[in-house]
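Everything below concerns the one structure shown next.
The figures here come from the full heavy-atom set of this structure, side chains too, leaving out hydrogens, waters and symmetry mates. Convention: sequence-line order gives letters A, B, ...; per-chain numbering from 1. Just so it is clear, the model here is predicted, and its values are computed rather than measured.
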Amino acid sequence: MLLHRNAQLSEKAKQAVQYWLMKSEPDECSIDDVLAAPERRTAWTGVRNYQARNFMRDAMRPGDGVLFYHSSCPEPGIAGLAEVASKAYPDPTQFDRASDYFDPKATRERPRWFNVDVRALKKTRLVPLAELRAHRALAKMWLLRPGSRLSITPVSAAEWRTITGSLL
DNA sequence: GCCAACGTTGGC
DNA sequence: GCCAACGTTGGC
């Protein structure tokens, strides 16, 4: 019985859905753009920050929940819901000389940058950054840390519930 | 366009 | 390994 319960628990821990916030500049790729794309899906290429890369490469799993955030725009904030749609794989833009994201130090044998695919689920009302800041239950969100600029940040299950349950 | 906060690069 | 210089992010 004890063994059985432990097995169930560890299985549950392994499969627990994780949550993320991913920033995108709407001029480049908005929630509408992804919803309009084939299979409502896009490759999250172009991330050139090691911490954000590591989240994708080492932690993200298909099915993880994603808050789709619009940044560097007139109304920064959460604009939609999405999910991780693939495991991480080498970002093809690092090998493309014509790409802004070309990295001369990356090789196919030793890729430096990875990305996942993201599938858009729905557009939501725009939840402005100021509203997130004002919400006490979100005080510890990574996004809201002073000076935080990371384009991919973890979201706790409690934060996810707060946002999807009472803000959207 | 400003600027604060970070991250990266490269000389030493 | 230090650290100054430079580049980038991203809200305002």
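With no hydrogens or angles considered, a side-chain donor-acceptor pair links A:R48 and A:T93 at under 3.5 Å. When only modelled atom types and interatomic distance are considered, A:R57 and A:Y50 share no side-chain donor-acceptor pair under 3.5 Å.
Checked options A:R119, A:R41, A:R61; the residue passing with A:E83 is A:R119 (criterion: salt bridge (charged side-chain N to carboxylate O under 4.0 Å, His left out)).
Within residues 143-156 of chain A, the residues approaching DNA chain B are A:P146, A:G147, A:R149, by heavy-atom distance under 4.0 Å.
Between A:F68 and A:I31, the closest heavy-atom pair is CE2-N, 3.5 Å. Closest approach of A:P111 and A:F95 over heavy atoms only: CB-CZ, 4.0 Å.
One N or O on the side chain of A:D64 and one on the backbone of A:Q18 form a donor-acceptor pair closer than 3.5 Å.
Boundaries of the chain A contact region on DNA chain C are C:dT8 to C:dG11, first to last in 5' to 3' order (nucleotide atom under 4.0 Å from a heavy atom).
With rounding to the nearest 0.5 angstrom, the OH atom of A:Y19 is 7.5 Å from the CZ atom of A:R161.
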